[in-house]
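Beneath this line is the structure, given in structure tokens, with notes to follow.
Given the structure is predicted, the values throughout are model-derived calculations rather than measurements. Protein chains get the first letters and strands the later ones, always in sequence-line order, with residue 1 at the start of each.
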Amino acid sequence: MSEKVLVAMSGGVDSSVAAALLIEQGFDVTGVTMKLFSNEDIGLERSKTCCSLSDVEDARSVAYKLGFSHHVFNFGEQFKENVIDRFASAYARGDTPNPCIDCNRYIKFSELLDRALLLDMDYIATGHYARVEFDNTTGRYLLKKATDSSKDQSYVLFGLTQEQLKRTLLPLGGLSKSEVRRLAEEQGLVNARKPDSQDICFVKDGDYAAFLETQMKIISPPGNFTDSSGKILGTHKGLIHYTIGQRKGLGLSFEKPKYVIRKDSELNTVVLGDESELFRDSMTVKDLNLISVEAITEPMAAFVKTRYSQTEAPAVLYPVDGGKLQVRFHKPQRAITSGQAAVFYDGDTVIGGGTIE
RNA sequence: UGGGAUAUAGUGUAAUGGUAACACACUAGACUUUGACUCUGGUAUUGUAGGUUCGAGCCCUGCUAUCCCAG
């Protein structure tokens with residue numbers, strides 16, 4: 001009797017091909033598309049999100065074509081609580097969150113996995129580009145980068161626990177995007193040429209600030225732009241409109257480009273400076289999740305990513321009080337931003353990660 | 001009020017009289033399962049009205065505006 005797997009299908013090519021590969025591998029596949037928010041809530045008609053009606057149709061069409069059943073699960077409440085609300089409160093406190101990470105951690109690999117187990121499934125699968133392997137020597141499940149490093153998504157999965165990894169299949173980990181597209185064409189899947197998704201799925205037109213203000217009722221009053229000495233340079237639109245390292249949208253001109261180097265919630269100021277002022281050689285990381293090791297009790301060398309699309313940089317991880325890590329980079333890093341995830345690598349293997357403080 | 005100076009795109013600057021450049025900003029797109037960064041493209045006829053000249057941002061005159069010094 002073949003093993004049962006629940007495939008999270010967004011309606012895009014990746015998860016569809018993931019399902020197709022699992023079928024080929026002999027799994028008993030069931031597809032599910034998660035309904036994470038209702039369009040009315042975010043005032044949209046948007047074709048590129050992962051949850052629009054047409055996406056459900058695409059997923060259903062693929063399931064029909066490949067001959068497995070497909071369901072729609074409503075996770076609206078959980079999504080609001082664990083992704084949207086967290087996103088909003090992070091911005092409200094001045095951080096710059098990454099909602100995709102929360103969605104993976106709290107929705108896909110938590111709520112959805114629980115549901116799958118309840119349904120007597122053995123695994124869940126997604127279309128992420130990353131690999132899960134079992135390490136016989138340590139007895140731990142490892143999360144590794146995708147073979148196609150340009151598409152690697154291990155960064156957004158750093159929050160998975162051993163229990164979750166044990167139940168996770170990532171069929172695309174060894175493929176490149178073009179191979180996936182080709183497979184989709186070969187199988188005649190409707191979404192073979194569908195554009196990749198992008199931007200925050202629950203935000204209309206990528207205007208997250210408008211979303212926070214009108215939908216989430218977050219009030220972010222205007223204040224001053226200052227330089228690092230406190231000199232007032234102009235008026236900003238509200239702290240939530242800015243993030244560290246940002247250059248565009250300031251509306252101010254100087255002889256050289258200026259970047260946001262700091263946000264001060266107390267004074268409600270946005271501090272601007274030259275690019276050189278963005279570099280820091282250390283940071284503190286909290287809310288850790290470790291994967292390849294049980295714990296970090298002494299300094300450990302690693303390569304660290306401080307944002308999704310960035311090549312990792314060499315650093316040393318120092319355990320400090322409060323279950324946090326002090327990360328010291330060999331070379332200063334640009335625009336280390338609180339609220340973003342820091343993910344530690346040992347070669348292709350994810351050691352673990354956490355949230356930048 | 002008298003004297004002087006300046007007036008070029010949203011901002012700051014550049015153009016031996018010969019068809020307006022650069023930076024920043026803005027904007028469109030690319031990149032991107034986050035916010036950013038980055039990359040590519042786009043955006044002015046030179047305060048205003050005349051004059052000189054084959055030709056004026058660049059010379060001359062009036063007007064307007066701004067700045068500085070005198071009061």
Side-chain angles (χ1 to χ4, degrees), chain A residues 8-15 18 34 36 46 48-52 55 79 83-84 86-88 90-105 107-109 126-130 146 150-159 170 172 177 180 194-203 205-212 220 225 233-234 236 239-263 270 272 274-279 305-311 333-343 353 355-356:
Chain A
M9 299 180 70
S10 64
V13 232
D14 293 333
S15 49
M34 295 181 286
L36 300 174
R46 183 181 162 81
K48 283 187 182 170
T49 72
C50 56
C51 314
S52 71
D55 289 324
F79 189 76
V83 179
I84 298 182
R86 292 175 69 92
F87 174 77
Y91 262 110
R93 88 174 80 91
D95 288 346
T96 303
N98 184 335
C100 293
I101 287 174
D102 285 339
C103 181
N104 287 326
R105 188 194 322 208
I107 306 297
K108 293 183 188 131
F109 295 92
T126 70
H128 284 104
Y129 289 84
S150 70
K151 264 290 170 184
D152 173 52
Q153 293 175 315
S154 58
Y155 175 86
V156 293
L157 299 175
F158 85 88
L170 304 175
L172 305 187
K177 186 75 189 196
V180 168
K194 192 168 169 176
D196 290 3
S197 63
Q198 53 189 30
D199 295 336
I200 303 175
C201 68
F202 54 89
V203 170
D205 296 330
D207 191 348
Y208 73 89
F211 172 81
L212 290 172
S220 183
F225 281 123
L233 301 175
H236 72 239
L239 250 39
I240 59 168
H241 292 266
Y242 310 93
T243 188
I244 309 302
Q246 180 171 336
R247 166 182 178 179
K248 294 290 177 184
L250 304 180
L252 296 175
S253 77
F254 305 91
E255 63 286 359
K256 304 194 102 187
K258 292 288 184 189
Y259 298 84
V260 173
I261 58 173
R262 199 154 51 78
K263 299 204 286 183
V270 174
L272 306 181
D274 292 337
E275 180 159 40
S276 62
E277 295 178 74
L278 283 171
F279 289 81
K305 255 185 162 182
T306 55
R307 50 173 40 65
Y308 179 67
S309 48
Q310 180 193 53
T311 48
Q333 300 297 302
R334 183 185 185 285
I336 294 173
T337 306
S338 67
Q340 291 286 291
V343 179
T355 304
I356 299 171

Check: Are A:Y242 and A:F225 an aromatic pair by the rule of ring centers under 6.0 Å?
Finding: yes
Original post:
Does the B:A36 base have a donor-acceptor partner in the side chain of A:S309 within less than 3.5 Å?
Top reply: yes
Select base, sugar-phosphate, or nothing to describe what A:Y91 touches, counting heavy atoms under 4.0 Å on all strands. sugar-phosphate
Paired to B:G2 by Watson-Crick or G-U wobble criteria (both distances under 3.5 Å) is B:C69
Any salt bridge between A:K151 and A:D196, counting N to O under 4.0 Å? yes
* Hey, does A:G249 reach any base, or is it just sugar-phosphate, or nothing, if we go heavy atoms under 4.0 Å? -> sugar-phosphate
Have a look at A:I101 and say if it touches a base, only the backbone sugar-phosphate, or nothing, with a 4.0 Å heavy-atom cut-off. nothing
Look at all strands and tell whether A:Q310 reaches a base, only sugar-phosphate, or nothing, counting heavy atoms closer than 4.0 Å. nothing
Given the options A:D95, A:T96, A:T337, A:T243 meets side-chain hydrogen bond (donor to acceptor under 3.5 Å, both in side chains) only with A:T96
On the side chain of A:S253, is there an atom forming a donor-acceptor pair with the base of B:G12 - under 3.5 Å, no angle test?
no
N or O in side chain of A:K151 less than 4.0 angstrom from B:U33 OP1/OP2
yes
request  = Would you classify A:R334 as touching base, sugar-phosphate or nothing, given that sugar-phosphate means primed atoms plus P, OP1 and OP2, and contacts are heavy atoms under 4.0 Å?
outcome  = sugar-phosphate
Ranking B:C37, B:U34, B:U33 by distance to the side chain of A:H128, first place goes to B:U33
Under the 3.5 Å rule, do the base of B:G35 and the side chain of A:T243 count as making a donor-acceptor pair? yes
Item to complete: Compare side-chain N and O positions of A:Y259 against OP1 and OP2 of B:U38 and report whether any pair is under 4.0 Å apart.
Response: yes
message = Students often get this wrong, so: under 4.0 angstrom with heavy atoms, is A:P257 touching a base, only sugar-phosphate, or nothing?
response = sugar-phosphate
Determine: side-chain N/O of A:R247 to OP1/OP2 of B:U38, distance under 4.0 Å, yes or no. yes
Decide yes or no on side-chain hydrogen bond (donor to acceptor under 3.5 Å, both in side chains) for A:S276 and A:D274, but give the supporting numbers first. CA-CA 5 Å; A:S276 62; A:D274 292 337; 5.0 Å; no
Checklist entry - Does the pair A:R334/A:E275 count as a salt bridge with the N-to-O cut at 4.0 Å? => result yes
